[in-house]
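Below is a structure I'd like to ask you about.
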Amino acid sequence: MRFTKMHGAGNDYIYVDCFRNPMPHDPAGLSRAISDRHCGVGSDGLILICPSDKADARMRMFNADGSEAEMCGNGIRCVAKFLYDHGLVRKNGLAIETGRGVLNLDLEIQGGSVRQVRVDMGEPILEAARIPTTLPGDPPVNVPLTVGDHSFRVTCVSMGNPHCVSFVDKLTDQLVLGVGPRIETHPAFPRRTNAEFVHANGLDDVTMRVWERGSGETLACGTGACAVAVAGVLSGRTQRGVLIHLRGGDLRLHWSETDNHVYMTGPAVEVFSGEWPDG
């Protein structure tokens with residue numbers, strides 16, 4: 001099986017071209033094996049680039065633990081780069097089908113290849129039952145959440161997948177690696193959740209770390225960055241346009257007042273290609 005490793009702001013996935021190759025017979029098992037950073041290629045998960053009857057392509061995304069997720073903001077930028085750079089779809093504007101519907105992307109081309117992509121991530125989902133969470137509010141904004149000895153004020157948002165955003169005074173391993181997995185599996189989140197920890201540097205500038213549902217800490221999370229941008233506005237901590245610093249790089253976010261959509265701009269990078277012995 002041919003594969004390509006790509007990353008968006010350090011959020012790395014293994015990509016399989018299912019236009020030209022057969023669909024893996026067990027994508028969940030393949031994701032667990034190929035994502036292993038010691039015995040596999042090493043990645044945050046697996047993304048399949050598939051034909052679609054309603055868009056230029058369809059993206060299916062599997063976390064490193066084999067669970068299938070609805071959406072990946074960094075992954076979809078890399079899907080767009082792969083489609084263009086590998087000659088599957090040669091146009092500057094793409095539509096890609098995901099678990100949260102068809103999303104539109106604008107490609108920045110330099111020297112014949114994609115360097116950066118702007119994604120219309122759609123409207124945030126703010127109803128608690130649809131996020132989903134049992135925390136109060138539509139959406140829950142600055143609501144108390146106790147995890148062990150830690151108490152937070154959290155804001156919950158879905159961008160097709162659930163996010164729990166905590167603004168904190170300091171970003172620490174104790175929070176991200178210690179509390180993050182406990183928030184992921186907290187009873188308030190019936191489908192588990194991604195946990196974002198954020199320090200506000202100013203109204204238009206924040207730094208975040210993320211514990212991703214099914215993958216652990218990653219260097220970046222596109223949907224998480226979108227959720228942080230929305231949570232910042234809802235909680236009065238940021239403006240609608242914000243630069244977000246992640247461990248793997250920067251993403252620029254804008255939550256539009258005009259159409260209520262969240263727009264994310266960031267890089268897409270191809271690392272290398274290879275062959276895996278069992279697809």
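A quick note: this is a predicted structure, and the numbers were derived from the prediction, not measured.
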Hydrophobic clustering (ILVMFWY, side-chain heavy atoms < 4.5 Å, transitive) - are Phe19 and Met23 grouped together? no

Parallel, tilted or perpendicular: which fits the ring planes of His186 and Phe189, with parallel below 30° and perpendicular above 60°? perpendicular

Single-linkage hydrophobic cluster Ile96~Tyr84, side-chain heavy atoms < 4.5 angstrom: yes

For Arg192 versus Thr185, what's the shortest heavy-atom pair and its separation? CD-CG2, 4.3 Å

Donor-acceptor under 3.5 Å (Arg240 side chain, His254 main chain): no

Output, in order, the C-alpha distance, side-chain angles, deciding distance and verdict of side-chain contact (heavy atoms from CB on, under 4.5 Å) for Asn11 and Glu212. CA-CA 11 Å; Asn11 193 194; Glu212 284 204 53; 3.8 Å; yes

Spell out, yes or no, whether Leu135 and Phe152 are grouped together once hydrophobic residues are joined by side-chain heavy atoms under 4.5 Å, including indirect joins. yes

Main-chain N/O of Asp44 paired with Ser215 side-chain donor or acceptor, under 3.5 Å: yes

Kindly determine whether Val242 and Val228 satisfy side-chain contact (heavy atoms from CB on, under 4.5 Å), including the steps that lead there. CA-CA 10 Å; Val242 61; Val228 166; over 6 Å; no

Just how far is it from atom CG of Asn260 to atom CG of Leu126, taken to the nearest 0.5 Å? 7.0 Å

Backbone N/O of Met121 and side chain of Arg100: donor-acceptor pair under 3.5 Å: yes

Distance-only, no hydrogens or angles: does the Lys5 side chain make a donor-acceptor pair with backbone N or O of Gly42 under 3.5 Å? yes

Is any NZ, NE, NH1 or NH2 atom of the basic residue among Arg130 and Glu70 found under 4.0 Å from an Asp or Glu carboxylate oxygen of the other? no

Give a yes-or-no answer on whether the side chains of Arg237 and Ser235 include a donor-acceptor pair shorter than 3.5 Å. yes

Is it true that Asp120 and Asn104 share a donor-acceptor pair across their side chains at a distance under 3.5 Å? no

Can Arg60 and Glu68 be said to form a salt bridge (Lys or Arg N to Asp or Glu O under 4.0 Å), step by step? CA-CA 8 Å; Arg60 291 186 66 190; Glu68 186 167 5; 3.0 Å; yes

Can you list the residues that meet the side-chain hydrogen bond (donor to acceptor under 3.5 Å, both in side chains) rule with Ser35, with sequence neighbours excluded? Ser43

Given Met208, which of Val165, Leu171, Ile244, Val176 fulfils the side-chain contact (heavy atoms from CB on, under 4.5 Å) condition? Ile244

Taking atom CZ as the centre, does Arg191 end up with more than 12 heavy-atom neighbours from other residues, nucleotides or ligands that are less than 6.0 angstrom away? no

Check: Glu184 main-chain N/O paired with Arg213 side-chain donor or acceptor under 3.5 Å: no

So, Thr223 and His163: side-chain donor and acceptor under 3.5 Å apart, yes or no? yes

Membership question, hydrophobic clusters at under 4.5 Å side-chain separation (ILVMFWY): are Tyr15 and Leu105 in the same one? yes

Using a strict cut-off of less than 4.0 Å between a Lys/Arg side-chain nitrogen and an Asp/Glu carboxylate oxygen, indicate whether Glu108 and Arg115 qualify as a salt bridge. no

Any chance CG of Asp259 has more than 12 other-residue heavy atoms, nucleotides or ligands included, within less than 6.0 Å? yes

Distance-only, no hydrogens or angles: does the Glu270 side chain make a donor-acceptor pair with backbone N or O of Phe82 under 3.5 Å? no

Carboxylate-amine/guanidinium proximity below 4.0 Å for Glu217 and Arg209: yes

Greater than 12 external heavy atoms within 6.0 Å of Arg252's CZ: no

Working note: Val117 + Asp106, criterion side-chain contact (heavy atoms from CB on, under 4.5 Å); need CA distance, chi angles, decisive distance, verdict. CA-CA 6 Å; Val117 180; Asp106 296 316; over 6 Å; no

Will you find, in the side chains of Asp17 and Thr4, an N or O donor that is under 3.5 Å from an N or O acceptor? no

